[in-house]
Visitor: 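Take a look at this one; I'll ask things after.
Because the structure is predicted, anything quoted here is derived from the model rather than measured.
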Amino acid sequence: MGTLNAPAPPMPKSWRFVPLAVPVLAGAVSREKLFDAARLLHQHDLKALWIFLLGGPQETPETVNETLSFVAAAVPPPNAVNITAAMPK
């Protein structure tokens with residue numbers, strides 16, 4: 001059995017981490033660009049982990065629905081999706 005203090009294995013060189021959180025939160029990346037990115041990933045048979053944070057100060061029921069509809073339309077299995085909801089005080 002492993003130990004919790006064991007170092008994580010190295011990330012395979014074929015994996016790439018492309019953080020888009022800051023540009024998306026700042027509104028610099030449009031919904032159209034996200035669909036383009038998803039299409040290109042699929043076109044090149046690349047898998048991705050999509051991470052969404054809900055509950056920001058600008059969040060509305062409509063923006064939550066937009067996020068969920070994007071996931072349903074553009075992020076097919078075996079891609080992974082993580083949706084986290086921020087909890088207001």
Visitor: Donor-acceptor pair, distance only, cut-off 3.5 Å: does the side chain of Asn79 make one with the backbone of Ala48?
Guide: yes

Visitor: Not counting sequence neighbours, list each pair that qualifies as a salt bridge (charged side-chain N to carboxylate O under 4.0 Å, His left out) and has a residue in residues 42-63.
Guide: Asp45-Lys47

Visitor: Restricting to non-hydrogen atoms, name the atom on Ala86 and the atom on Gly55 that form the minimum distance, rounded to 0.1 Å.
Guide: CB-O, 4.1 Å

Visitor: Take atom CD of Gln43 as the centre, draw a 6.0 Å sphere, and report whether it contains more than 12 heavy atoms from other residues, nucleotides or ligands.
Guide: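 Count over threshold, so yes.
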
Visitor: Just verifying a value: how many Å separate Ile83 CD1 and Leu54 CG, rounded to the nearest 0.5 Å?
Guide: 6.0 Å

Visitor: Kindly list each side-chain donor-acceptor pair under 3.5 angstrom involving residues 67-78, sequence neighbours excluded, with atom names and distances?
Guide:
unit_1 : atom_1 : unit_2 : atom_2 : d
Thr67  : OG1    : Thr63  : O      : 3.1
Ser69  : OG     : Arg31  : NH2    : 3.2
Ser69  : OG     : Asn65  : O      : 3.2
Ser69  : OG     : Glu66  : O      : 2.9

Visitor: Is any side-chain heavy atom of Val81 closer than 4.5 Å to a side-chain heavy atom of Phe52?
Guide: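 In contact.
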
